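Here the structure is a predicted model, which is why all the values come from computation and not from measurement.
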Amino acid sequence: MKAIVMNGVGEADRLEYVERPDPMPGVGEVRIDVAAAGVNFMDIGVRRGSAWVEMPNPKILGVEGAGRIEAVGEGVTDFAVGDRVAWVFVPGSYAGKLVAPVDSLVRIPNAIDDRTAAAVMMQGLTASHFATDFYPVQAGDSVLVHAAAGGLGQLLTQIVKLRGGTVIGRVSSEKRLKRRARPAPITSSSTGKESLLSKYAT
């Protein structure tokens, strides 16, 4: 299989596209033919040495993705060869093949393509946690979302609106404000810097 590994701490020049043996699934694991891998800011942190320092180099980056199961390990009964799945926080996702524990997997509905599934897992779970567990948003709530034009911000905005809340989205620039469908900009000045806010009706 092909994989992207980091050979040491540093910038992107520390990454290398290499050939690796196909991994074999163990008990409670499956091997997945990776169709798409999610790219996260966390991966940059790993490359710069702020995470996964206990794992020796070279190591394969990435923690989320989507693909199709091609082999199952002993004891796996809930998934089968051919199932389309997505996962979150399975280190080594920047590879053509990945071994993952079944408790990290979710089935992908036919209506969702692999790239979307791979991109939404970590940010989607984070957004869901913020709006349902950390504080269960109720109808009529107003919620300030920082970085509302980013991946997490856009998902959080949708979840809040689905739960009946109103979102006040904060973005970093006029360009990002224009990406939103129905901005009603409110410009405020605090600490000498301009921040752009946009309120989205439910």
Side-chain angles (χ1 to χ4, degrees), residues 1-26 28-71 73 84-106 108 112-130 133-134 145-159 169-173 175-176 179 193:
M1 70 172 191
K2 295 289 189 181
I4 297 174
V5 301
M6 62 174 279
N7 290 310
V9 173
E11 297 305 316
D13 61 352
R14 303 299 310 202
L15 302 179
E16 187 179 1
Y17 191 53
V18 300
E19 189 74 37
R20 285 281 183 90
D22 288 358
M24 297 303 295
E29 296 178 330
V30 299
R31 185 175 70 219
I32 302 161
D33 182 24
V34 178
V39 178
N40 291 285
F41 189 71
M42 174 189 171
D43 304 330
I44 297 172
V46 171
R47 194 190 70 222
R48 291 180 175 168
S50 61
W52 296 8
V53 292
E54 69 285 354
M55 295 173 63
N57 292 319
K59 57 182 165 250
I60 303 173
L61 294 179
V63 295
E64 69 179 340
R68 194 173 294 275
I69 294 175
E70 63 176 25
R84 289 180 64 232
V85 293
W87 59 90
V88 66
F89 211 80
V90 180
S93 297
Y94 286 10
K97 313 282 183 190
L98 175 77
V99 166
V102 293
D103 59 2
S104 296
L105 305 177
V106 295
I108 304 174
I112 299 177
D113 64 90
D114 291 330
R115 290 178 66 181
T116 300
V120 78
M121 289 298 293
M122 183 175 285
Q123 292 179 345
L125 288 171
T126 303
S128 176
H129 172 74
F130 285 164
D133 296 328
F134 182 73
V145 177
H146 292 274
L152 175 58
Q154 289 185 48
L155 290 168
L156 183 55
T157 294
Q158 293 176 63
I159 293 170
R170 183 177 186 276
V171 297
S172 61
S173 68
K175 177 181 174 184
R176 292 190 180 275
R179 289 175 55 188
K193 292 188 177 180

Minimum side-chain heavy-atom gap [X]-[Y] below 4.5 Å:
X	Y	result
M121	S93	no
M55	V46	no
L105	I32	yes
V34	Y94	no

Would you name the heavy atoms of [X] and [Y] that are closest together and state the gap between them?
X	Y	value
D43	G38	OD2-O, 3.9 Å
N57	G8	ND2-CA, 3.6 Å
A117	A66	CB-CB, 4.0 Å
A149	Q154	O-NE2, 2.7 Å
R31	P25	N-CB, 3.9 Å
L156	A127	CD1-O, 3.6 Å

Inset, instruction - Report the residue from L15, L61, V18 that forms a side chain to side chain contact (heavy atoms under 4.5 Å, CB included) with V5. - result: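 In the set L15, L61, V18, the residue that makes a side chain to side chain contact (heavy atoms under 4.5 Å, CB included) with V5 is V18.
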Inset, instruction - Would you please test R14 and V9 for side-chain contact (heavy atoms from CB on, under 4.5 Å) and show each step? - result: CA-CA 7 Å; R14 303 299 310 202; V9 173; over 6 Å; no
Legend entry - Parallel, tilted or perpendicular, as decided by the 30° and 60° cut-offs, for the rings of W52 and F89: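 Judged by the thresholds at 30° and 60°, the geometry between F89 and W52 is perpendicular.
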Rounded distance [0.5 Å steps], [atom1] in [X] versus [atom2] in [Y]:
X	Y	atom1	atom2	value
S104	E29	OG	CD	9.5 Å
R20	K2	CZ	NZ	12.0 Å
M1	L98	CE	CG	8.0 Å
I108	W87	CD1	CH2	7.5 Å
M122	L155	CE	CG	13.0 Å
E64	N40	CD	CG	4.5 Å

Inset, instruction - Applying side-chain contact (heavy atoms from CB on, under 4.5 Å), run through R48 and E11 and close with a yes or a no. - result: CA-CA 7 Å; R48 291 180 175 168; E11 297 305 316; 3.4 Å; yes
Legend entry - Identified salt bridge (Lys or Arg N to Asp or Glu O under 4.0 Å) counterpart of R84 within the set D33, D114, D113: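 Running salt bridge (Lys or Arg N to Asp or Glu O under 4.0 Å) over D33, D114, D113 with R84 returns exactly one hit, D114.
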